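Here the structure is laid out as structure tokens; the discussion comes afterwards.
The model shown is predicted, which means the values in this text are computed figures rather than measured ones. Positions are given from 1, in the same order as the sequence printed here.
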Amino acid sequence: MEDKPLNFDNSKLLLLIEDWLNANGKGNTYENVLMEILNGNSCLFVQTHGEQVTETRTYVAGENEKLKLGVYEIQGKKYFGAFTDLDLLEKWLKVRGSYAQLSSKVLLEMAEETKVDGIIINSSYRNMFAILRKSDVSKNGL
């Protein structure tokens with residue numbers, strides 16, 4: 001069986017994050033980004049391991065499929081760091097490292113299953129976006 005090429009496209013995700021920024025998070029802009037992550041064709045790049053990570057979480061996708069993702073701690077909470085572009089990830093790390101390209105939906109599912117507190121997309125960049133666990137969102141009134 002031949003592998004199908006991955007045809008991810010982050011253009012809609014990036015436009016929706018831009019809308020969210022321009023609206024200061026008002027209206028349905030946050031939900032629109034989440035819906036694109038869940039139902040769209042976007043992908044995220046994540047560091048799989050390295051010196052910068054606080055710890056790793058192992059995700060078991062199948063009998064012979066395991067993936068260790070880097071987890072970062074911010075103010076006592078643990079997050080996956082993800083980027084919409086490989087160049088952004090490498091600039092943020094300041095070194096070339098090991099990474100994985102995942103469907104955005106798959107990464108969100110992994111965050112739920114491995115019990116991290118959320119996903120930070122494009123950390124330290126203008127279009128940074130945070131996805132928090134449901135319990136954290138309701139505590140913050142978002």
Can I get a per-line list of side-chain donor-acceptor pairs under 3.5 Å for residues 84-91, giving both atom names and the distance, sequence neighbours left out?
residue : atom : partner : partner atom : Å
T84     : OG1  : N122    : OD1          : 3.3
T84     : OG1  : N122    : ND2          : 3.1
D85     : OD1  : D87     : N            : 2.7
D85     : OD1  : L88     : N            : 3.3
E90     : OE1  : R96     : NH1          : 3.4
E90     : OE2  : R96     : NH1          : 3.0

Query raised in the report: What are the two closest non-hydrogen atoms of F8 and L102, and how far apart are they?
Result: CZ-C, 4.3 Å
Query - Chi angles and distances behind the side chain to side chain contact (heavy atoms under 4.5 Å, CB included) call for N32, L34 - result: CA-CA 5 Å; N32 292 342; L34 288 180; over 6 Å; no
Query raised in the report: K105 versus I37: any side-chain heavy-atom pair under 4.5 Å?
Result: no
Query raised in the report: Looking at L13 and V33, what are the two nearest heavy atoms and their distance?
Result: CD1-CG1, 3.8 Å
Report task. Mind checking side-chain contact (heavy atoms from CB on, under 4.5 Å) for N24 and listing every partner two or more places apart, or none if nothing turns up? Result -> none
Query raised in the report: Step by step, would you call Y99 with W92 a ring-ring contact (aromatic ring centres under 6.0 Å, His included)?
Result: CA-CA 13 Å; Y99 69 91; W92 184 74; over 10 Å; no
Query raised in the report: So do Q47 and L93 actually touch side chain to side chain, heavy atoms under 4.5 Å?
Result: yes
Query raised in the report: How close do Y30 and I131 get, heavy atom to heavy atom, and via which atoms?
Result: OH-CA, 3.5 Å
Query raised in the report: Who pairs with S11 by side chain to side chain donor-acceptor pair (under 3.5 Å), at least two apart in sequence or on another chain?
Result: D9
Requested in this report: Can you measure from CZ (F83) to CE (M128) and round to the nearest 0.5 angstrom?
Outcome: 10.0 Å
Query raised in the report: Can you tell if the side chain of D117 reaches within under 4.5 Å of the side chain of L132, non-hydrogen atoms only?
Result: no
Query - Residues that M35 engages under side-chain contact (heavy atoms from CB on, under 4.5 Å), provided they are two or more places apart - result: N39
Requested in this report: Return the minimal non-hydrogen interatomic distance between F80 and M110, and the atom names on each side.
Outcome: CE1-C, 3.9 Å
Query raised in the report: Is S123 close to Y79 at the side-chain level, that is, under 4.5 Å between some pair of heavy atoms?
Result: no
Report summary line: Heavy atoms of V46 and G81 approach each other most closely as CG1-O, 3.5 Å
Requested in this report: May I ask whether L107 and L14 are part of the same hydrophobic cluster, defined by side-chain heavy atoms of I, L, V, M, F, W, Y residues being less than 4.5 angstrom apart, directly or through others?
Outcome: no
Requested in this report: Examine L21 and L15 and state if one hydrophobic cluster contains both, with Ile, Leu, Val, Met, Phe, Trp and Tyr joined whenever side-chain heavy atoms are less than 4.5 Å apart.
Outcome: no
**Report entry** Inter- and intrachain pairs under salt bridge (charged side-chain N to carboxylate O under 4.0 Å, His left out), touching residues 19-31, at least two apart
**Finding:** none
Query raised in the report: Nearest heavy-atom pair of C43 and S104: which atoms, and what distance?
Result: N-OG, 3.4 Å
Query raised in the report: K12: what forms a salt bridge (charged side-chain N to carboxylate O under 4.0 Å, His left out) with it, not counting sequence neighbours?
Result: E36
